[in-house]
Amino acid sequence: MVSFLTFPKGGVHPPDAKELTADLAVEEMGLPAELEIILAQHIGAPCTPTVARKDRVGEGDVIGEVAKGLGVPLHAPAAGVVKGFGMSAHPMRVSAPSLTIKTDPDAPARQYQKIDWQGLGKEELLKKVHDAGIVGVGGAGFPTHVKLNPPPDNPVDTLILNGAECEPYITADYRQMLESSGEIVEGARIILKILGIKKCLIGIENNKPEAIRLMSEAAAAASTDDCRIEVRPLQVKYPQGSEKQLIQTLTGRKVPAFALPSAVGAVVHNVSTTKAIYDAVALGKPLYEKIVTISGKGIKRPANLRVKVGARLSDIVEYLGGVTPELSKVVMGGPMMGFAVSSLDIPVTKTTSAVLFLAEDEIDNTPHSQCIRCGWCVEACPMGLEPKEIGLYVEAGRPEDTGRFGVFECFECGCCSYICPAKRPLVQFARLAKMKAKHQ
Ligand code: SF4
Ligand code: SF4
């Protein structure tokens, strides 16, 4: 029996539930009448608008910039007129500043021509990535040009592309790998050139054989003596796609607590971010639309949609024919790391990869009970933390004492909550402990 690569500690095996959308090709969603664009779409400083009310904007025009500090510009996802500024519903905060564009349905879509990027130097390539507003689209939205320029004291030798897509339900990266394998691999070559290195490993979970085949073919076609790109099939295990676990799986190197991947010579980018890098450099196209998986038994027509940033969840629901009577819960992101939302006014951002409309039988509403000290959460934690102690201390009103159980290394993967037979909300306990510590 072939044994596939994986990380050594913890992890869980939730049902992958990808069959609802895995075979559905990416579909262009119709243009909504309005786009509500949140000004803080990345880690760092929010954008300041560079447009005023009633200004006319073209598709791809800059509409916001970060004057000082970490960040990237924002672009108009479609042509139209700036309707105004206000506050938008937000999945994690209650609300966030935004600007609204009334779209022009008659404006032709902007066309982008392929350019030859091979002659460009590192600084020119980095500027293109920054100017196109690229952030990590599969996670927290860290500005990509910064990640592509790691500190010189830690020489990097390996680029890792994350094609694991280990969260249940989500198939956006999978479709991207099937439909754009050549562009993703060209994006990898751009990154290799920026980093000045030759080796790229692409990790894909073994439940995606067609993606492994197509990406392997594209990688073989693009590899030369100066650039080695290889696909590595991975064992199906959650959270295989998390940065530290993926690095350890593919290189055997363990990223120390609180250190960056570059501390062990690696840089990791998601495959969809790599496609966005290709778009920015090879086409000059900014990041203003996203492939989003819309799934669950609570939506009439599940789909993988290409959606403009700023489209509201209500626009998506309307486009897909509405919700079903079984709908019980809406989650932005996957079921393991996503956030339940109570409003369909929330707009899509650069980091939205899925919206799940879940029916009663797709969620677990069992009330939680006392810890029975079975230790399963400790075994399941990929970071080797002690979730049960974190939970008990938070319940006892002592969140400040959870640091010694590793709460600051918790990346909220949800393995502990998933495995707990007492259904204890261990991720929420960890989140609460970190929030309290931050306030103190
Ligand atoms: S959510 Fe945090 S504590 Fe729980 S398993 Fe993941 S890393 Fe460990
Ligand atoms: S899995 Fe749940 S019940 Fe078991 S030790 Fe952890 S918190 Fe307690």
Side-chain angles (χ1 to χ4, degrees), residues 6-16 91-92 136 138-140 142 162 164-170 205 234-249 254-261 268 331-340 353-354 363-438:
T6 193
F7 54 96
K9 180 152 185 44
V12 292
H13 295 90
D16 83 358
M92 282 169 277
F142 196 80
N162 178 7
E165 201 165 54
C166 57
E167 267 268 8
Y169 286 91
I170 311 181
E205 277 193 346
L234 309 174
Q235 198 183 109
V236 180
K237 183 167 77 167
Y238 180 87
Q240 185 61 78
S242 89
E243 209 164 62
K244 289 187 175 179
Q245 280 62 39
L246 190 59
I247 293 170
Q248 195 167 9
T249 300
K254 191 161 184 252
V255 182
F258 311 114
L260 294 171
V268 183
V331 174
M332 283 191 87
M336 300 296 284
M337 290 189 80
F339 288 81
S353 51
I363 53 182
D364 188 349
N365 277 331
T366 320
H368 79 266
S369 50
Q370 284 192 346
C371 173
I372 56 169
R373 297 192 178 268
C374 61
W376 290 4
C377 56
V378 179
E379 265 175 54
C381 178
M383 298 302 289
L385 314 181
E386 295 200 48
K388 72 172 188 325
E389 299 297 342
I390 295 169
L392 291 170
Y393 272 79
V394 170
E395 270 186 326
R398 291 171 58 190
E400 66 281 5
D401 289 333
T402 55
R404 67 190 141 119
F405 303 113
V407 75
F408 297 110
E409 283 186 75
C410 168
F411 65 103
E412 300 174 18
C413 67
C415 290
C416 50
S417 297
Y418 175 80
I419 207 78
C420 176
K423 304 292 169 201
R424 290 173 62 71
L426 298 169
V427 183
Q428 282 85 342
F429 285 142
R431 214 174 265 157
L432 200 70
K434 285 191 279 184
M435 262 166 51
K436 291 245 159 111
K438 209 169 155 188

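Note that the structure is predicted; figures quoted are calculated from it, not measured. Values below: all heavy atoms of this structure, side chains included; hydrogens, waters and symmetry mates excluded. Whatever order the structure lists them in is the order used to number ligands and atoms, beginning at 1.
- At a heavy-atom cutoff of 4.0 Å, ligand 2 is contacted by the side chain of Arg424 but not by its backbone.
- Distances below 4.0 Å separate heavy atoms of Gly414 from the following atoms of ligand 1: 1 (S), 6 (Fe).
- Residue-and-atom listing of protein N/O/S atoms under 2.8 Å from atom 8 (Fe) of ligand 1, sorted by chain and number: Cys381 SG.
- A donor-acceptor pair under 3.5 Å is absent between the side-chain atoms of Ser417 and the main chain of Pro425, judged by distance alone.
- Between Arg373 and Glu389, at least one side-chain nitrogen of the basic residue sits less than 4.0 Å from a carboxylate oxygen of the acidic one, meeting the salt-bridge criterion.
- Within a 6.0 Å sphere centred on NZ of Lys254, heavy atoms belonging to other residues, nucleotides or ligands number 12 at most.
- Proximity of Pro421 to ligand 2 is established by a heavy-atom distance of less than 4.0 Å.
- Close approach of ligand 2 to Lys388 (heavy-atom distance below 4.0 Å) involves ligand atoms 5 (S), 6 (Fe), 7 (S).
- In this structure, Glu205 contributes its side chain and Lys237 its backbone to a donor-acceptor pair below 3.5 Å.
- Distance alone, capped at 3.5 Å, places no donor-acceptor pair between the Glu167 side chain and the Gly333 backbone.
- Ion pairing of Arg424 with Glu395 is present here, as a side-chain N (NZ or NE/NH1/NH2) and a carboxylate O approach within less than 4.0 Å.
- Distance from atom 2 (Fe) of ligand 2 to its nearest protein heavy atom, with residue and atom name: Cys420 SG, 2.4 Å.
- Taking a cut-off of under 4.0 Å to the non-hydrogen atoms of Ile372, the atoms of ligand 2 that pass are 3 (S), 8 (Fe).
- Per-residue contacts place Arg373 under 4.0 angstrom from the following atoms of ligand 2 (heavy atoms of the residue considered): 5 (S), 8 (Fe).
- Atom CG of Leu385 sits about 8.5 Å away from atom SG of Cys416, to the nearest 0.5 Å.
- Every ring-ring contact (aromatic ring centres under 6.0 Å, His included) that Tyr393 has, sequence neighbours left out, goes to Phe405.
- For ligand 2, the atoms lying closer than 4.0 Å to a non-hydrogen atom of Gly375 are 4 (Fe), 5 (S).
- For atom 4 (Fe) of ligand 2, the candidate residues are Ala422, Cys374, Ser417; the nearest heavy-atom contact is made by Cys374.
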